[in-house]
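Worksheet for the structure shown next.
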Amino acid sequence: MRWWDIDPVLALEKDLFPDDAWSRGMFWSELAHARGVGSTRRYVVAYDGDRLVGYGGLAVAGTDSGGGTEGGSADGADVQTIAVARDHWGSGLGARLLTELLRHATAFEVTEVMLEVRVDNKRAQKLYERFGFEPIGFRRGYYQPGNVDALVMRLTTTQEPVPGFPVTPVVGTASGSASGPESGTEEKNDG
């Protein structure tokens, strides 16, 4: 994701998450941590032609002397967000975005990847389970202002890759963009 992606990301964010959409400032802050030496974030976007149809983000924590860049190691990572346009649900884009985020987690050499998912978002939960994420707890009233609980899920990185989901990059270019009409799930992880 780059600065020029923020406006279309915000439009999709507001459509999918009207009650708890991230602000422009939140995305700018995340992007500030996604570039250069010591970066701790990776954000990817997907386009269908000229239209942004999905995005996802990953944050790492506990980096060692590797400086937090890919190639250094970190204790863990959090899937911050995954979002897919409604008209692209069910075509695999959510899985492709998650695959790309997990590829970045592997490059950071994390030992586990965590996420929060709304308890009422069964579609996203099924996607994460297919990738080997397991429920480990709840965060009561996590999503505000609706006071919706979050299911906390974890993937340990020692697990084998999920069959059918390649570990090589399937989403992204040098600018962090993806193309194609693939889709998956609506998800909100406020990390």
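Just so you know, residue 1 is the first one in the sequence shown, and it goes up from there. Because the structure is a prediction, the values reported are computed rather than measured.
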Hey, are the side chains of [X] and [Y] touching, using non-hydrogen atoms and a 4.5 Å cut-off?
X    : Y    : answer
V113 : M153 : no
W28  : W3   : yes
E134 : L155 : no
F131 : T99  : yes
L16  : R86  : yes
R35  : R2   : yes
E112 : D75  : no
P145 : D19  : yes

[atom2] on [Y] to [atom1] on [X], rounded to 0.5 Å:
X    : Y    : atom1 : atom2 : value
R140 : Y142 : CZ    : OH    : 14.5 Å
D15  : L10  : CG    : CG    : 12.5 Å
W22  : K14  : CH2   : NZ    : 14.5 Å
Y128 : N121 : OH    : CG    : 7.5 Å
E30  : T40  : CD    : OG1   : 7.5 Å
L102 : L97  : CG    : CG    : 11.0 Å

Using the rule that two of Ile, Leu, Val, Met, Phe, Trp, Tyr join whenever any of their side-chain heavy atoms come within less than 4.5 Å, decide whether W4 and M26 are in one cluster.
yes

Step by step, work out the side chain to side chain contact (heavy atoms under 4.5 Å, CB included) result for M1 and L31.
CA-CA 8 Å; M1 180 185 300; L31 288 182; 3.9 Å; yes

Output, in order, the C-alpha distance, side-chain angles, deciding distance and verdict of side chain to side chain contact (heavy atoms under 4.5 Å, CB included) for E100 and L58.
CA-CA 10 Å; E100 182 67 4; L58 178 83; over 6 Å; no

Kindly say whether [Y] contributes a backbone atom to a donor-acceptor pair with the side chain of [X] at under 3.5 angstrom?
X    : Y    : result
D48  : R51  : no
R118 : A124 : no
W89  : V84  : yes
Q125 : V119 : yes
T111 : G76  : no
S29  : G25  : no
D149 : G141 : yes

Check whether the side chains of D5 and Y47 place a donor and an acceptor atom closer than 3.5 Å, and report yes or no.
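On atom types as modelled, these side chains qualify, holding a pair under 3.5 Å.
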
Should L101 and V44 be marked as a side chain to side chain contact (heavy atoms under 4.5 Å, CB included) after you check the CA-CA gap, both sets of side-chain angles, and the distance that decides it?
CA-CA 8 Å; L101 295 179; V44 295; 4.1 Å; yes

Check against side chain to side chain contact (heavy atoms under 4.5 Å, CB included), V152 and M114
CA-CA 7 Å; V152 180; M114 306 279 291; 3.8 Å; yes

Nearest heavy atoms of S39 and F108, plus distance in Å:
O-CE2, 3.8 Å

Here the pair of heavy atoms bringing L151 nearest to P135 is CD1-CB, 3.7 Å

